[in-house]
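Heavy-atom basis, side chains included; hydrogens, waters and symmetry copies ignored.
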Amino acid sequence: MFICIYHVIVSYKICPFHTIRDIYLVSKEDKKWRNIPKDKYPKPLIFHDGRLTFKPTPLATLVMFIWLPFGIILCVTRSLIGMLLPYKLSTPIEAFLVAIKKTSSQDHIHTSKPENKNGVLFVCNHKTVLDPVYLSQILITSLVAVTYSISKTTAALAPVRTLNLTRDKAKDTVIMLNALSKGDLVVCPEGTTCREPYLLRFSPLFAEICDEIISVAIECKVSMFHGTTTTWSKSLDPFFVLLNPNPCFYIKFLDKLPKSKTCKGGGFSRLEVANYVQAEIGNALGYECTNFTRKDKYAILAGNDELVNLSKN
């Protein structure tokens, strides 16, 4: 009975945890496959969608539904703490409710604006929409985040200021330079999230914006729900992260990019700088760097040319 109810919920999209349209039941006699480790896959698994992080067996699904009422209360609590309390109060509380761990090769991350100079540009890989939020909490300072496409709901509820890029190089350059002239900025050059231990190609625009660049390696561990999707409402992404029993963010600050490796100081091209930063973050996380882009991800998972429909959000 429980299995039948679960299949009805999933197949008719009553529950937003899956995007399954058809369900095929296979008998034990017909089942001739077995699970294999990822390193034995014919091709690397880089992109996949869906909300659940676990195999939806009847027992695991039952545990999920039992957890949901508690998870919703915890999600609302986590959200309100981040939105209403100042960083000095919210950071220790959030570190208790959401495991946030910082490691750094530097004794102190200087985030104040140098005299007569622009702010610092934090360049990080992209795991969830909450990356800039927890980066700000770790630094106990409000950063401005530039984004490629987030829902209006997410932008309105975000405890950090967000600036939407237009994908027009000239306009985006002006947006980022204006933001840096007022303070510190965080950007995720991948342009979209990747769940697996791979880095997508970094957009090189950040490399010619400023020379004060600090690379940040971010890892996110969740046990029940993925906080990313390409086919369902993206406005729910941050809430699905916070629905997890114990989401864990690992944030590692790398050394500031040497002047000799920048466009102005070292004479490198913006592509070379972007590839260098990507490789540094990849080495810190143990991730493999790829040439896949946001457009590739959405073409594979959503069947479109990266145009995300935000009208539902």
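- Side-chain contact between Phe70 and Ile73 is absent, with no heavy-atom pair separated by less than 4.5 Å.
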* For Lys259 and Glu212, run salt bridge (Lys or Arg N to Asp or Glu O under 4.0 Å): C-alpha distance rounded to whole Å, both residues' side-chain angles, the deciding distance at 0.1 Å, then the answer. => CA-CA 8 Å; Lys259 294 290 184 181; Glu212 296 289 326; 3.2 Å; yes
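- Residues Val146 and Met176 come closest through the heavy atom pair CG1-CG, 4.2 Å.
- In terms of heavy atoms, Leu243 sits closest to Cys75 at CD2-CB, 4.1 Å.
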Which donor-acceptor pairs under 3.5 Å do side chains of residues 218-225 form with protein atoms, sequence neighbours excluded?
residue: Glu219; atom: OE1; partner: Tyr287; partner atom: OH; Å: 2.7
residue: Glu219; atom: OE2; partner: Tyr287; partner atom: OH; Å: 2.6

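- Checked by atom type and distance alone, the side chain of Asp184 pairs as donor or acceptor with a backbone atom of Val120 at under 3.5 Å.
- Sorted by first then second residue, the salt bridge (charged side-chain N to carboxylate O under 4.0 Å, His left out) pairs that include residues 73-87, not counting sequence neighbours, number zero.
- Linking ILVMFWY residues whenever their side-chain heavy atoms come closer than 4.5 Å, directly or via other members, places Leu68 and Phe240 in the same cluster.
- Residues satisfying the salt bridge (charged side-chain N to carboxylate O under 4.0 Å, His left out) criterion with Arg195, sequence neighbours excluded, are Asp49.
- For the pair Phe202/Val123, a side-chain contact is recorded, criterion being any heavy-atom separation below 4.5 Å from C-beta on.
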* To do: Could you walk me through whether Gln137 and Leu139 pass side-chain contact (heavy atoms from CB on, under 4.5 Å), step by step?
  => CA-CA 5 Å; Gln137 289 192 328; Leu139 296 173; over 6 Å; no
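- Here the side chains of Leu257 and Val277 are in contact, with some heavy-atom distance below 4.5 Å.
- One hydrophobic cluster, built from ILVMFWY side chains closer than 4.5 Å, cannot hold both Leu271 and Ile281; they sit in different ones.
- Contact detail for Asn125 and Asp131: the closest heavy-atom pair is O-OD2, 3.7 Å.
- Once rounded to the nearest 0.5 Å, the distance linking CG of Asn164 with OG1 of Thr147 reads 4.0 Å.
- Expressed to the nearest 0.5 Å, how far CD1 of Ile140 lies from OG1 of Thr91 amounts to 5.0 Å.
- Just one of Thr228, Leu200, Leu199 meets the side-chain contact (heavy atoms from CB on, under 4.5 Å) condition when paired with Cys194; it is Leu200.
- To the nearest 0.5 Å, atoms OG1 (Thr77) and CD1 (Ile93) are separated by 11.0 Å.
- Side-chain contact between Val160 and Leu143: absent, with no pair of heavy atoms (C-beta onward) separated by less than 4.5 Å.
- In this structure the side chain of Val144 never reaches within 4.5 angstrom of the side chain of Val186, judged on heavy atoms.
- Summarising the geometry, atom CG belonging to Leu205 is positioned 7.0 Å from atom CZ belonging to Arg270; distances are rounded to the nearest 0.5 Å.
- With salt bridges taken as basic N to acidic carboxylate O contacts below 4.0 Å, none links Asp211 and Lys256.
- How far SG of Cys210 is from CG of Leu121: 4.5 Å, rounded to the nearest 0.5 Å.
- For Ser215, there are no side chain to side chain donor-acceptor pair (under 3.5 Å) partners two or more places apart in sequence or in a different chain.
- In this structure Glu94 satisfies the side chain to side chain donor-acceptor pair (under 3.5 Å) test with no other residue, sequence neighbours excluded.
- Side chain of Asn275 to main chain of Glu272: no donor-acceptor pair is present (N/O by atom type, distance under 3.5 Å, no hydrogens or angles).
- The salt bridge (charged side-chain N to carboxylate O under 4.0 Å, His left out) test applied to Lys169 returns Glu208, not counting sequence neighbours.
- When side chains are defined from C-beta on, Phe253 counts as touching Ile138, because their heavy atoms get closer than 4.5 Å.
- Contact of the Leu74 side chain with the Leu242 side chain is not registered, since no non-hydrogen atoms from C-beta on lie closer than 4.5 Å.
- Within the 3.5 Å criterion, the main-chain N or O of Pro247 finds no donor-acceptor partner in the side chain of Asn244.
- Looking only at distances, a side-chain donor or acceptor of Arg51 sits under 3.5 Å from a matching main-chain atom of His226.
- Cluster annotation: Tyr250 is not connected to Val133 through the hydrophobic network of ILVMFWY side chains, with a link wherever side-chain heavy atoms come within less than 4.5 Å.
- Taking the six-membered ring for Trp and the full ring otherwise, Tyr198 and Phe292 have centroids separated by 6.0 Å or more.
- Taking both residues in full, the closest heavy atoms of Pro238 and Leu130 are given as CB-CD2, 3.8 Å, listed atom of the first, atom of the second, then distance.
- Side chains of Thr192 and Lys297: a donor-acceptor N/O pair is present below 3.5 angstrom, by distance only.
- What you find for Gly227 and Val241 is that their closest heavy atoms are CA-CG2, 3.4 Å.
- With hydrophobic clusters built from ILVMFWY side chains whose heavy atoms lie under 4.5 angstrom apart, Leu285 does not share a cluster with Phe47.
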* Phe122 and Val187: CA distance, side-chain angles, deciding distance, side-chain contact (heavy atoms from CB on, under 4.5 Å) verdict -> CA-CA 6 Å; Phe122 291 93; Val187 61; over 6 Å; no
* Between Leu254 and Val216, is a side-chain contact (heavy atoms from CB on, under 4.5 Å) present by the stated rule, with each step listed? -> CA-CA 6 Å; Leu254 307 182; Val216 184; over 6 Å; no
* To do: Walk me through it: do Cys188 and Cys124 pass the test side-chain contact (heavy atoms from CB on, under 4.5 Å)?
  => CA-CA 5 Å; Cys188 302; Cys124 60; 3.5 Å; yes
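- In this structure, Ile46 CD1 and Ile300 CD1 are separated by 8.0 Å, a value rounded to the nearest 0.5 Å.
- Smallest separation of non-hydrogen atoms from Ala207 and Cys263: O-SG, 3.5 Å.
- For the residue pair Asn178/Ser181, the side-chain donor-acceptor check at 3.5 Å is not satisfied.
- Other residues, nucleotides and ligands contribute more than 12 heavy atoms inside 6.0 Å of the OH atom of Tyr41.
- When side chains are defined from C-beta on, Arg201 does not count as touching Arg294, because their heavy atoms never get closer than 4.5 Å.
- In this structure, the side chain of His126 engages the main chain of Thr128 through a donor-acceptor pair within 3.5 Å.
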